[in-house]
Amino acid sequence: EALMRIGLLELGDESQLDRLQVLTAKNDWDFGRGTAARWYKRLKPFVWEALKMAAGVPPDKERLRRMVTDFAFAERDRLLARRDERSVKTAQFRWQLADALGGYDDPRALPVVETLLADEDEAVRLSAARALLGQTSAGTPALVAWAVELDYGGEAGVSRNPEIRSALLRHLVIEFEGSPETRRAVLEARRSEAPSLRFFGLTADGLLTSSTTRAPAGP
């Protein structure tokens, strides 16, 4: 997290200065192999996608889907282990529906995805977020912008929200660069308390600003 804060400062986020000043007094850093490996695994998708955005490299859409899929499948396993049969079958139906909708890019799918995003089970919400990454039809930007604000739970006390929200945000920037919803979602990400999501938001904002500057003037 400390290294990410330095990266944010380098991107122009001066709000990091106070926290970084406090961290200068810290002398018990744990950069052991295990700690470093865990953080690298979590931050690599953000940094890589942010760098690709900045460099204009075409995005790997399937990579974004896999990032969300890994969380969804892990949560499904946990749900299967702790729930009664009836509630498990209900959740299974809903996440399998979400899986099907992920390959059905049609505006008629959006109300169903919206319902699944509001489900009480994290496994269903995660599956619905994954389904959104396959949607490009009219009405998608508003739904994705809403999904970015939802809670997707966590594992071992660590929130999944930054990863899921960044994947959704990247989808907005890829498919709906000129959408007002994309601009609002990016600006909100810039203000996120999660350093990784803020890093992603700052990079995306720079890309959108650059695109606007390059856009040809109207008649």
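Note that this is a predicted model, so its numbers are computed, not measured. Computation of the quantities below employed the complete heavy-atom set of this structure, encompassing side-chain atoms and omitting hydrogens, waters and symmetry-equivalent molecules.
- No donor-acceptor pair under 3.5 Å is formed between the side chain of His171 and the backbone N or O of Gly134.
- The hydrophobic clustering, which links ILVMFWY residues whose side-chain heavy atoms are closer than 4.5 Å, places Val124 and Tyr104 together.
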Derivation and outcome, side-chain contact (heavy atoms from CB on, under 4.5 Å), residues Leu116 and Leu101: CA-CA 11 Å; Leu116 296 175; Leu101 292 173; 4.2 Å; yes
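- Looking at Tyr152 and Leu117, their side chains come closer than 4.5 Å, going by heavy atoms from C-beta outward.
- The hydrophobic cluster containing Leu80 does not contain Phe73, counting ILVMFWY residues as joined when their side-chain heavy atoms lie under 4.5 angstrom apart, directly or transitively.
- For Arg198 (side chain) and Ser192 (main-chain N/O), a donor-acceptor pair under 3.5 Å exists by modelled atom type.
- When side chains are defined from C-beta on, Glu181 does not count as touching Trp146, because their heavy atoms never get closer than 4.5 Å.
- Using a 4.0 Å cut-off between charged nitrogen and carboxylate oxygen, Asp205 and Arg183 count as a salt-bridge pair.
- Using modelled atom types, no side-chain atom of Glu149 and backbone atom of Ala185 make a donor-acceptor pair closer than 3.5 Å.
- Between Arg76 and Leu79, every side-chain heavy-atom pair lies at or beyond the 4.5 Å cut-off.
- Contact record, Arg125 with Asp151: NE-O, 2.9 Å, taken as the closest heavy-atom pair.
- The distance from the CG atom of Leu132 to the CD atom of Glu114 is 9.5 Å, given to the nearest 0.5 Å.
- Taking a 6.0 Å sphere around CZ of Phe93, one finds it holds 12 or fewer heavy atoms contributed by other residues, nucleotides or ligands.
- At least one side-chain heavy atom of Leu172 sits less than 4.5 Å from a side-chain heavy atom of Pro141.
- A salt bridge between Glu75 and Arg78 is present, with a side-chain N of the basic residue lying under 4.0 Å from a carboxylate O of the acidic one.
- The minimum heavy-atom distance linking Ala189 with Leu169 is given by the pair CB-CD2, 3.8 Å.
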Evaluation steps, side-chain hydrogen bond (donor to acceptor under 3.5 Å, both in side chains), between Asp106 and Ser137: CA-CA 6 Å; Asp106 188 286; Ser137 60; over 6 Å; no
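- Atom-to-atom distance recorded for Leu133:CG and Arg66:CZ is 12.5 Å, nearest 0.5 angstrom.
- Distance alone, capped at 3.5 Å, is enough to place a donor-acceptor pair between the Arg165 side chain and the Val148 backbone.
- When each of Thr115, Asp99, Asp119 is checked for a side chain to side chain donor-acceptor pair (under 3.5 Å) with Arg94, only Asp119 meets the rule.
- In this structure, Val113 and Ala131 approach most closely via the heavy-atom pair CG2-CB, 4.5 Å.
- When every heavy atom of Ser159 is checked against every heavy atom of Asn161, the shortest pair comes out as OG-N, 3.0 Å.
- Here the closest non-hydrogen pair linking Ala128 and Ala98 is N-CB, 3.9 Å.
- The CG atom of Leu110 lies 4.5 Å from the OG1 atom of Thr140; values are rounded to the nearest 0.5 Å.
- Here the straight-line distance linking atom CG of Leu126 with atom CD1 of Ile164 works out to 5.0 Å at 0.5 Å rounding.
- In this structure the side chain of Ile174 reaches within 4.5 angstrom of the side chain of Arg170, judged on heavy atoms.
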Full working for side-chain contact (heavy atoms from CB on, under 4.5 Å) between Glu155 and Phe71: CA-CA 9 Å; Glu155 300 175 25; Phe71 284 117; 3.2 Å; yes
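- A distance-only check finds no donor-acceptor pair linking the side chain of Arg130 to the backbone of Gly102 [under 3.5 Å].
- In this structure, Thr182 contributes its side chain and Gly178 its backbone to no donor-acceptor pair below 3.5 Å.
- Residues Glu122 and Arg160 have side chains in contact (heavy-atom distance under 4.5 Å, counting atoms from C-beta outward).
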